[in-house]
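Heads up, the thing below is written out as structure tokens.
FYI, side chains are in, hydrogens and waters are out, and symmetry mates aren't considered; it's all heavy atoms of this structure. In listed order, ligands and their atoms are each counted from 1. Since this is a predicted model, take the numbers as computed values, not measurements. In this chain, residues are counted from 1 in sequence order.
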Amino acid sequence: MSVLGVDFGTSNSAAGVAPAGVPQLIALEPGQQTLPTAVFFDFEDRKMLVGQRANDALLGGDEGLYMRALKSLLGTSLMRETRSLLGERIDFIEITSRFLRQIKTQAEAATGDTYDRVLSGRPVMFHSSDPARNAQAEVDLRDAYLRAGFAEVRFMNEPEAAALANRDVLNEGDLGLILDIGGGTSDFTLFRHEGDGINILGSHGVRVGGTDFDRALSIAHVMPLLGKGSPIRHAFGPDTHPAPHKIFNDLATWQKIPFLYAQDTRRAARELEKYAVEKPLFGRLCSVLEDELGHDLAFAVEAGKIAANGGGGEAAIALNVLERGLSVPLPTPMMADTLSTLATEIGDAADTTLQLAGVKADAVTHLIFVGGSSLMGVIEDALSARVPAAKVQRGAALTAIVDGLAIGAEAAFND
Ligand SMILES: Nc1ncnc2c1ncn2[C@@H]1O[C@H](COP(=O)(O)OP(=O)(O)OP(=O)(O)O)[C@@H](O)[C@H]1O
Ligand SMILES: [Mg+2]
């Protein structure tokens with residue numbers, strides 16, 4: 001019986017095995033080592049698509065329900081609420097399990113093996129401010145794996161898997177700090193390389209990642225173009241009040257977007273438009289809700305973030321989806337400013353990792369950056385400043401975690 005290593009990420013997922021200790025990742029889509037963690041219920045073809053095909057269906061304008069950042073819903077009451085989709089009532093555990101089943105099936109087809117055991121990554125903190133939700137999230141994820149057909153599930157903290165994959169970066173006596181900045185969480189492990197394995201001195205995490213950067217950028221720079229903060233007249237008299245924030249905050253949050261496409265939200269937006277001082281702004285909000293363009297907007301913000309991070313002088317968030325030719329400039333310093341509070345939160349969590357292990361920053365010899373959001377300059381700057389003497393190393397941004405899970409998979413079941 002073989003064990004499959006699975007990194008179920010907020011933005012990207014991957015699976016692998018490690019015969020003879022060397023990680024081999026499974027192509028979950030042709031030629032791709034990672035699979036976008038996205039699903040699309042296609043209302044015309046009446047089937048569920050996953051990964052890049054789900055993204056393509058959304059961006060191609062097909063009719064259906066799209067979801068990304070499913071992992072961020074683990075632990076919340078939404079996971080076990082059922083809803084009607086393609087003629088059946090299913091909950092989010094089921095949706096997650098169908099995504100995981102696809103990984104299992106694809107891995108079995110690719111390797112000819114059968115996997116009834118899985119070593120899954122998990123963030124150190126699914127929810128950093130709510131211990132009950134944090135515990136429930138692992139219960140939810142385990143249930144999703146079991147429903148996907150795995151008989152046994154074990155978990156490893158994602159940054160500990162990254163440490164395993166990067167153990168050879170360290171020599172005898174070195175002290176490494178993994179900084180795994182992903183889509184939904186940031187996770188840290190302090191470790192030494194000892195013998196064939198690693199000695200973990202401490203791990204810690206915080207629920208802040210790239211999807212939160214997208215959210216902050218959208219709230220600050222895009223949502224005002226849809227009416228956020230704009231005055232609404234009272235039904236009687238000359239007074240006004242600012243439009244309520246909730247609808248805009250939800251529209252800027254990947255995992256909440258699908259829930260906004262309900263009649264009552266659309267009606268509330270029309271009502272705001274009716275009394276708005278600046279009606280055209282709310283007209284945009286209404287079309288986004290009615291034409292279900294929330295994810296297209298979020299993809300535009302994410303693309304603007306990556307462009308601004310690349311340092312291009314002309315970086316901008318292109319909002320053709322709202323209006324042909326509309327865009328918001330996003331110079332790199334402006335982005336750094338918008339994300340500074342989140343960068344500080346991530347830096348504080350890295351500091352806490354060292355404090356919990358009783359280690360001073362100047363004892364750390366190597367900072368090892370992994371995770372897609374570790375490519376953000378503003379994050380690397382914020383983190384390197386806290387441990388200035390350490391040597392900065394880049395691990396495989398999108399595959400270090402799954403490499404480590406593949407390496408550790410068999411041993412995780414040797415009790
Ligand atoms: N070049 C880049 N510059 C900045 N950010 C990037 C870049 N490439 C990817 N990202 C961001 O990285 C994030 C995804 O990273 P990753 O795949 O490591 O996350 P994940 O493993 O799915 O999430 P998590 O581990 O938090 O569950 C996204 O928010 C994406 O926008
Ligand atoms: Mg990750």
- Amino acids contacting ligand 1, non-hydrogen cut-off under 4.0 Å: G9, T10, S11, N12, K71, E158, G182, G183, G184, T185, G210, T211, E302, K305, I306, N309, G371, G372, S373, L375, M376, L398
- Between atom NE2 of H193 and atom CG of L170, what is the distance when rounded to the nearest 0.5 Å? 8.0 Å
- Task: May I have all residue pairs that pass ring-ring contact (aromatic ring centres under 6.0 Å, His included) and include part of residues 52-83, sequence neighbours excluded?
- Result: Y66-H295
- Message: Please tell me whether R215 and T253 have a donor and an acceptor in their side chains that are separated by less than 3.5 angstrom.
- Response: yes
- For T338, what residues pass the side-chain contact (heavy atoms from CB on, under 4.5 Å) criterion, not counting sequence neighbours? A216, L217, A220, H221
- Query: So, E410 and N414: side-chain donor and acceptor under 3.5 Å apart, yes or no?
  - Reply: no
- Query: Which pairs count as ring-ring contact (aromatic ring centres under 6.0 Å, His included) when at least one residue sits in residues 121-152, sequence neighbours excluded?
  - Reply: Y145-F150
